[in-house]
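Atoms within each ligand, like the ligands themselves, are counted from 1 in listed order. Note that this is a predicted model, so its numbers are computed, not measured.
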Amino acid sequence: MSMPWRAAMQQALYGPSGFFVTGTGPAAHFRTSVHASPVFASALLRLIHQLDAALGFPDRFDVVDVGAGRGELLRSLSSRVTVGVSGEPTRSGRSGLIPARAGSPETLTATAAVRPAPFTPASGSVDPLPAAPVPLARRVRFTAVELAPRPDDLPEQITWTNAIPTEVTGLLIATEWLDNVPLDLATHTENGWHYLLVDPTTGAETLGEPVSPVDLDWLTTWWPLPPAARGGPDDPPHTVPDGHSSTGSGRAEIGRTRDEAWADAVGHVDRGLALAVDYGHLRGDRPFGGSLTGYRGGRQVPPVPNGSCDVTAHVAMDSVASAGGRVARCAYSLGSQREGLRALGADGGRPPLSLAARDPAGYVRALAEASAAAELTDPAGLGGHWWLWQPVGVPADGLPSAQSSPTSSERR
Ligand SMILES: C[S@@+](CC[C@H](N)C(=O)[O-])C[C@H]1O[C@@H](n2cnc3c(N)ncnc32)[C@H](O)[C@@H]1O
């Protein structure tokens, strides 16, 4: 029986036999930055140390990973913090057979509604951070927030829960979480916006009711109709499910649920930084044909919401940022992963040849690190993903400054 896409996704991904809560986990089906290279965790560790200093070395420093998969990121971070690693990349990434989920070309051209933030990472070349009076390893608390059950082999220092903890002080991170937050789809007909319904067994769509006032409000604000849909001659009307006439707007992915999910997550941070890493788009550059797709076993497949595959749609990052900003009441910053990682010292660039003569072993190590970072910073792939920096209550005068970093001034 047909149902709204949001309900179908919820059931397919998170129901009793849902795709994400049963089976081996996301890494068996697609490749995220977390899986791609240990350079990602090393860069985040550097960010954690910077944030720790900016917060004045709090008694408890939280690292909360929302949508933690099977805990891969926290396993990596916790093992490094425990042995006192500072965040410098130390080994090369594995090469993977499984491709990343869609790196979106539209993320590369977008320019919109992005404001400067008071907190951005210090570049890798700035002065060393002050020493913590009590080592981070003794103050850090790792929490994985995940709907799937706790993996048997997860290190015991990682807390596993299905709800975001309150009063987070530190870093809340969500990598490729929001694109899996279920959402409704709509199409614009001669009678205005209507929901699209889907049959979960076949993926066949039919036309549903007119969208609710709250979804209409979201669409009007964040998903403007392209000129053709407003009566332009370029895109003649075509038929949508149930024989209605479309105005040429294609399909809209109503991101309100992602806004609400992110605002709720940000609301759990007392002091620190909420960082969302995902593929997405801005208002001036929406994918009017829609971006909904599926992944299974390393392949892109039709998004049939029957529990057999991932069902994902790109994230309206500006709308999410705005919702988070209303809760955080701090300016946010939105840029690419490439920019974010570069600011954290992982730039994917080759080391200078002069290093080879001076320090051959160091040169080989740096070369391995550069190639490990390259996939993460490739603008046509993972490097084109968005990083939304959402600071909460971080004192401006205690913040590391990125003003001297060329990457930070590239913010969109
Ligand atoms: C695409 S995977 C990303 C996993 C990991 N963060 C990574 O980057 O590899 C999305 C994960 O988010 C989890 N998830 C989705 N909604 C969630 C929620 N409301 N609370 C906790 N976890 C959630 C899913 O179960 C899934 O494991």
Side-chain angles (χ1 to χ4, degrees), residues 6 9-41 43-44 63-77 93-94 96 98-103 142-151 154 158-165 171-183 257-268 274-280 291-298 300 303 305 307 309-315 320 337 375-376 381-382 385-388:
R6 179 181 174 185
M9 275 178 80
Q10 182 66 38
Q11 183 178 292
L13 301 181
Y14 311 114
S17 10
F19 179 75
F20 279 125
V21 297
T22 57
T24 44
H29 298 280
F30 50 81
R31 191 166 156 84
T32 68
S33 297
V34 171
H35 318 136
S37 163
V39 168
F40 189 73
L44 289 177
V63 179
V64 178
D65 184 8
V66 183
R70 294 300 180 268
E72 293 90 344
L73 177 61
L74 292 187
R75 289 173 201 252
S76 179
L77 286 173
R94 63 184 165 81
I98 297 182
R101 294 196 290 181
F142 293 102
T143 306
V145 183
E146 183 42 73
L147 299 176
R150 180 186 179 101
L154 195 75
I158 301 173
T159 301
W160 192 267
T161 171
N162 61 7
I164 302 174
L171 177 68
L172 179 146
I173 184 164
T175 62
E176 300 202 23
W177 166 49
L178 292 170
D179 67 272
N180 283 124
V181 170
L183 82 179
T257 47
R258 279 93 183 269
D259 297 359
E260 290 169 357
W262 182 244
D264 177 65
V266 172
H268 285 71
L275 175 63
V277 177
D278 227 311
Y279 42 82
S291 66
L292 193 79
T293 191
Y295 288 88
R296 181 175 54 232
Q300 198 165 359
C309 64
D310 175 25
V311 179
T312 168
H314 291 200
V315 180
V320 162
Q337 169 153 300
E375 180 183 357
L376 294 171
L382 293 170
H385 285 194
W386 291 96
W387 278 34
L388 167 59

Are any non-hydrogen side-chain atoms of [X] and [Y] less than 4.5 angstrom apart?
X: Arg70; Y: Leu154; value: no
X: Leu275; Y: Leu44; value: yes
X: Leu388; Y: Trp262; value: yes
X: Asp179; Y: Tyr279; value: yes
X: Trp160; Y: Pro151; value: yes

Looking only at distances, please establish whether an N/O atom of ligand 1 is found under 3.5 Å from an N/O atom of Arg70.
no
Any idea which atoms of ligand 1 are less than 4.0 Å away from a heavy-atom of [X]?
X: Gly69; answer: 4 (C), 27 (O)
X: Phe30; answer: 1 (C)
X: Val145; answer: 21 (C), 22 (N)
X: Thr175; answer: 3 (C), 5 (C), 6 (N), 7 (C), 8 (O)
X: Thr32; answer: 7 (C), 8 (O), 9 (O)
X: Glu176; answer: 1 (C), 2 (S), 3 (C), 10 (C)

Please state which part of Leu147 comes within less than 4.0 Å of ligand 1, counting heavy atoms only: side chain, backbone, both or neither.
both
For ligand 1, the portion of Asn180 having any non-hydrogen atom under 4.0 Å away:
side chain
Start with the C-alpha gap between Asp278 and Trp386, add the side-chain angles, then the distance that decides, and say whether side-chain contact (heavy atoms from CB on, under 4.5 Å) holds.
CA-CA 5 Å; Asp278 227 311; Trp386 291 96; 5.9 Å; no
Can Glu375 and Ser37 be said to form a side-chain hydrogen bond (donor to acceptor under 3.5 Å, both in side chains), step by step?
CA-CA 8 Å; Glu375 180 183 357; Ser37 163; over 6 Å; no
With [atom] as the reference point, say which of [options] has the nearest heavy atom.
atom: atom 24 (C) of ligand 1; options: Glu146, His35, His29; answer: Glu146
atom: atom 4 (C) of ligand 1; options: Gly67, Ala163, Gly71; answer: Gly67
atom: atom 17 (C) of ligand 1; options: Tyr295, Trp177, Phe40; answer: Trp177

Out of curiosity, is Glu72 lining ligand 1, as in a heavy atom under 4.0 Å away?
no
Ala148: heavy atom below 4.0 Å from ligand 1, yes or no?
no
Can you give me the closest heavy-atom contact between Met9 and Val181, atom names plus distance?
CE-O, 4.2 Å
Side-chain donor/acceptor of His29 to backbone N/O of Pro26, under 3.5 Å
no
